[in-house]
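Input: a single structure, listed below in structure tokens.
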Amino acid sequence: MAITGIKGFNDILPNEVEKWHHIESAARRVFELYGFSEIRIPVLEKTELFSRSIGDATDIVEKEMYSFTDKGENRVTMRPEGTAGVMRSFIEHKLYAGDQVSKLYYLGPMFRYERPQKGRYRQFHQIGVELVGVDDPMADAQVLTMLQHFFAELGLHEPTLQINSLGCPECRPSYRQKLRDFLLERLERLCDDCKRRYENNPLRALDCKAAGCREATVDAPSVLDNLCSGCADHFEKTQNYLRVNGTPYEINARMVRGLDYYTRTTFELVTGLLGAQSAVAAGGRYDSLIEQLGGPSLPGIGFAMGVERVVLLLNQDDFRKSPDLFIAFLGEAARKEAFRLMCALQQEGISVEIDYEGKSLKSQMRRADKFNSRFTLILGEDELRKGTASLKDMDKGVQVDVPLVPEKIVSMVQSA
RNA sequence: GUGGCUGUGGUGAAGCGGUUAACACAAACGACUGUGACUCGUUCAUCCGUGGGUUCGAAUCCCAUCAGCCACCCCA
């Protein structure tokens, strides 16, 4: 029995990788337009980093982390998300020293031990952004606008932006209590999951899918009505900025985020095209995280998108690449010349394919067709004696004689 | 961690107790001995996820196991 890969750890095959390149280069292009720079951080961090930032009681930390003890007896974890590591690095290297504002982006694999399903894998990839050092709502709007810009760049208009505010350490606890009181009164009507949520994460009960819970919570107090004046003002201004530049959004007061460090603005880019997974990208503000991790008191806001989920939305497109030229040859003398030309042309920036086996001309032509090559250069004994070859335009079906001079061939291929 | 569905070649699949395990696509070669796409022909699963059982006989029934998918929880 051949060895197989690990559950939830997927190979991204050459065909698929084209889509990934497309997404990654769009991200780089757009984010850099907004002044963000890439940061590359390790995949492994001390376990403590995640328990302190994401939150000890969250499912991610409680049961989904790939944690182990290394040979030096250190408790380490394969990162389940990117923000914590980026902030650790930010603090460790005092990136705040150079400029008040830091704009960073990252991309790479994340790991969570979950049961795989559509759009969810144990090793998955995120492209994320962090804007640190600004608490003005303009930063919130800027990040959201950039996220929308990125999706527009990919030609995806379907996912919609939903925003909410989770309040701050000032106003959230009292809202949370208010909500718990509300839930307690109708605990009987809630599903078993929500009875549990009532205990550890009452906010979650608000976006329960069960019909009974939806009915029971229609009149639930809204976070947005219970924000302190600072948070309310921040949320209002964020929306004003979004309106100013015409970024479409909707408010979803029942949206909950899974990580403990979020404050104030939170958001998701949701779609109905991913099965049970609706969030393609999500994020929020984290104004106390950096200080909590032992850094200076600086606010931040960011998001991460699930690359696999974006790939799923891109399913229709064909990213197949085809070579500029295919060289077909007949006989050993022609084989050498074909090899010489192929190398010379490749160095000139022309992509060339060849049949290494040198089978029948028919077979080689079929191969040229299969590659969808723009041109085929046919090199036989007769041509070789004359110092020429036939260059065939595969779409038009016409062919002309060309001298065996790489520069000539380059110009003919490029001018087409 | 829980639940449901599915497992036949490179792919999509038919077959539902006795078949040479259909068909289609892909692939290779040939008809066209130096020219692709169309057409035609030939080749391409001694084996039906794996292990065991029932039976004269199993891809087809039973059990176990593994894998995949989807959903719940949770999340990008």
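Nothing here was measured: the structure is a model prediction, and the numbers come from that model.
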Work out how far the [atom1] atom of [N] is from that of [M], and round it to whole angstrom.
| N | M | atom1 | answer |
| --- | --- | --- | --- |
| B:C29 | B:G36 | P | 13 Å |
| B:C38 | B:G4 | P | 47 Å |
| B:A13 | B:A24 | C1' | 8 Å |
| B:C44 | B:G52 | P | 30 Å |
| B:U42 | B:C25 | P | 14 Å |
| B:C61 | B:C5 | P | 15 Å |

For [X], report the nucleic acid contact type (base, sugar-phosphate, nothing); a contact means any heavy atom under 4.0 Å.
| X | value |
| --- | --- |
| A:Glu81 | nothing |
| A:Gly397 | base |
| A:Gln364 | nothing |
| A:Arg115 | base |

Report yes if at least one side-chain N or O of [X] is closer than 4.0 Å to OP1 or OP2 of [N]; otherwise report no.
| X | N | result |
| --- | --- | --- |
| A:Lys63 | B:C74 | no |
| A:Arg367 | B:A27 | no |
| A:Arg197 | B:C73 | yes |
| A:Lys359 | B:C29 | yes |
| A:Gln117 | B:C69 | no |
| A:Ser360 | B:G30 | yes |

Measure the distance from [atom1] on [X] to [atom2] on [N] and round it to the nearest whole Å.
| X | N | atom1 | atom2 | answer |
| --- | --- | --- | --- | --- |
| A:Phe329 | B:U35 | CZ | C1' | 15 Å |
| A:Asn15 | B:A26 | CG | P | 17 Å |
| A:Glu308 | B:A76 | CD | P | 14 Å |
| A:Lys195 | B:C73 | NZ | C1' | 16 Å |
| A:Asp192 | B:C74 | CG | P | 13 Å |
| A:Asn10 | B:C69 | CG | C1' | 12 Å |
| A:Leu361 | B:C29 | CG | C1' | 15 Å |
| A:Glu62 | B:C73 | CD | C1' | 12 Å |

Looking only at B:U35, B:A71, B:A76, the nucleotide nearest the A:Leu259 side chain is B:A76

Among B:U35, B:G68, B:A76, find the nucleotide with the atom closest to the side chain of A:Arg309. B:A76

If we count only N and O atoms by modelled type, under 3.5 Å, do the side chains of A:His234 and A:Asp140 hold a donor and an acceptor together? yes

Whether [X] engages the ring of [Y] as a cation-pi pair (distance to the six-membered ring centre under 6.0 angstrom, angle to the ring normal within 45°) should be assessed.
| X | Y | answer |
| --- | --- | --- |
| A:Arg186 | A:Phe182 | yes |
| A:Arg75 | A:Phe68 | no |
| A:Arg367 | A:Phe326 | no |

Is [N] paired to anything, Watson-Crick or G-U wobble with both distances less than 3.5 Å, and if yes, which nucleotide?
| N | answer |
| --- | --- |
| B:G36 | none |
| B:U6 | B:A67 |
| B:C29 | B:G41 |

Tell me whether the side-chain N or O atoms of [X] pair up with the base of [N] as donor and acceptor below 3.5 Å, since no angle test is needed here.
| X | N | answer |
| --- | --- | --- |
| A:Arg120 | B:C74 | yes |
| A:Lys362 | B:U35 | no |
| A:Arg366 | B:U35 | no |

Return whichever of A:Lys370 or A:Lys209 has its heavy-atom-nearest nucleotide of RNA chain B closer to the 5' end. A:Lys370

Could you check A:Gln399 against A:Ile60 and say which one's nearest nucleotide on RNA chain B is further toward the 5' end? A:Gln399

Do the non-hydrogen side-chain atoms of A:Arg180 and A:Glu199 ever get within less than 4.5 Å of each other? yes

A:Phe329 and A:Asp355: which non-hydrogen atoms are nearest, and at how many Å? CE2-O, 3.5 Å

Does a side-chain N-to-carboxylate-O contact under 4.0 Å join A:Arg374 and A:Asp393? yes

